[in-house]
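Down below is the structure, laid out as structure tokens.
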Amino acid sequence: MAKDHGPSIKNDEQYEELRDEGMSKSKAARIANDPNSGEKGGKADKYEERTKEELYEKAQEIGIEGRSDMTKDELIKALRNH
């Protein structure tokens, strides 16, 4: 049974698995808290299929700086490398 990490982590089991794989606490938390992260088979929308506004909101959610000046391609790159 997974340890309860409090209200800041929505999927404790997934969070612990990601941490065991060597992910940082912040990256593991972002993935464990994303409602699409548990979907199998790539059902989450690909970044290229999202609007610039959707990408901007995702970048804002995870705290990417300089996002307001980024193009859609730059937002995609920043999200993938964060």
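Remember, it's a predicted structure, so these values are computed and weren't measured experimentally.
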Exercise for the section: Check for a donor-acceptor pair, side chain of N11 on one end and backbone N or O of N33 on the other, with a separation under 3.5 Å. Expected result: no
Fill in the blank from the handout: Taken in chain and number order and not counting sequence neighbours, the residues that satisfy salt bridge (charged side-chain N to carboxylate O under 4.0 Å, His left out) with E48 are R80
Problem - D34 side chain to R30 backbone, donor-acceptor under 3.5 Å - result: no
Exercise for the section: Please tell me if the side chains of I31 and Q14 come closer than 4.5 Å, counting only heavy atoms from C-beta onward. Expected result: yes
Fill in the blank from the handout: Smallest heavy-atom separation, E16 atom then K3 atom, equals OE2-N, 2.7 Å
Exercise for the section: Quick one: which residue pairs count as a salt bridge (Lys or Arg N to Asp or Glu O under 4.0 Å) with a foot in residues 63-72, not counting sequence neighbours? Expected result: none
For residues 17-25, which side-chain N or O atoms pair as donor and acceptor with protein atoms under 3.5 Å away, sequence neighbours left out?
{"unit_1": "R19", "atom_1": "NH1", "unit_2": "M23", "atom_2": "O", "d": "2.5"}
{"unit_1": "S24", "atom_1": "OG", "unit_2": "S26", "atom_2": "OG", "d": "3.4"}
{"unit_1": "S24", "atom_1": "OG", "unit_2": "K27", "atom_2": "N", "d": "3.1"}

Handout entry: Minimum heavy-atom distance A29-I9, with the two atoms named
Key = CB-CD1, 3.5 Å
Handout entry: Close side-chain approach of I76 and L55, heavy atoms under 4.5 Å
Key = yes
Problem - For E57, side-chain contact (heavy atoms from CB on, under 4.5 Å) partners two or more places apart - result: E53
Handout entry: More than 12 heavy atoms from other groups under 6.0 Å of CD on Q60
Key = yes
Problem - Nearest non-hydrogen partners of L75 and A59, listed with the distance - result: CD2-CB, 4.0 Å
Exercise for the section: Using the test salt bridge (charged side-chain N to carboxylate O under 4.0 Å, His left out), find all partners of E61 that sit at least two apart in sequence or belong to another chain. Expected result: K58
Practice task
For residues I62 and L79, determine if any side-chain heavy atom of one lies less than 4.5 Å from a side-chain heavy atom of the other.
Solution key: yes
Fill in the blank from the handout: Residue set satisfying side-chain contact (heavy atoms from CB on, under 4.5 Å) with T71, at least two apart, ordered chain then number -> D73, E74
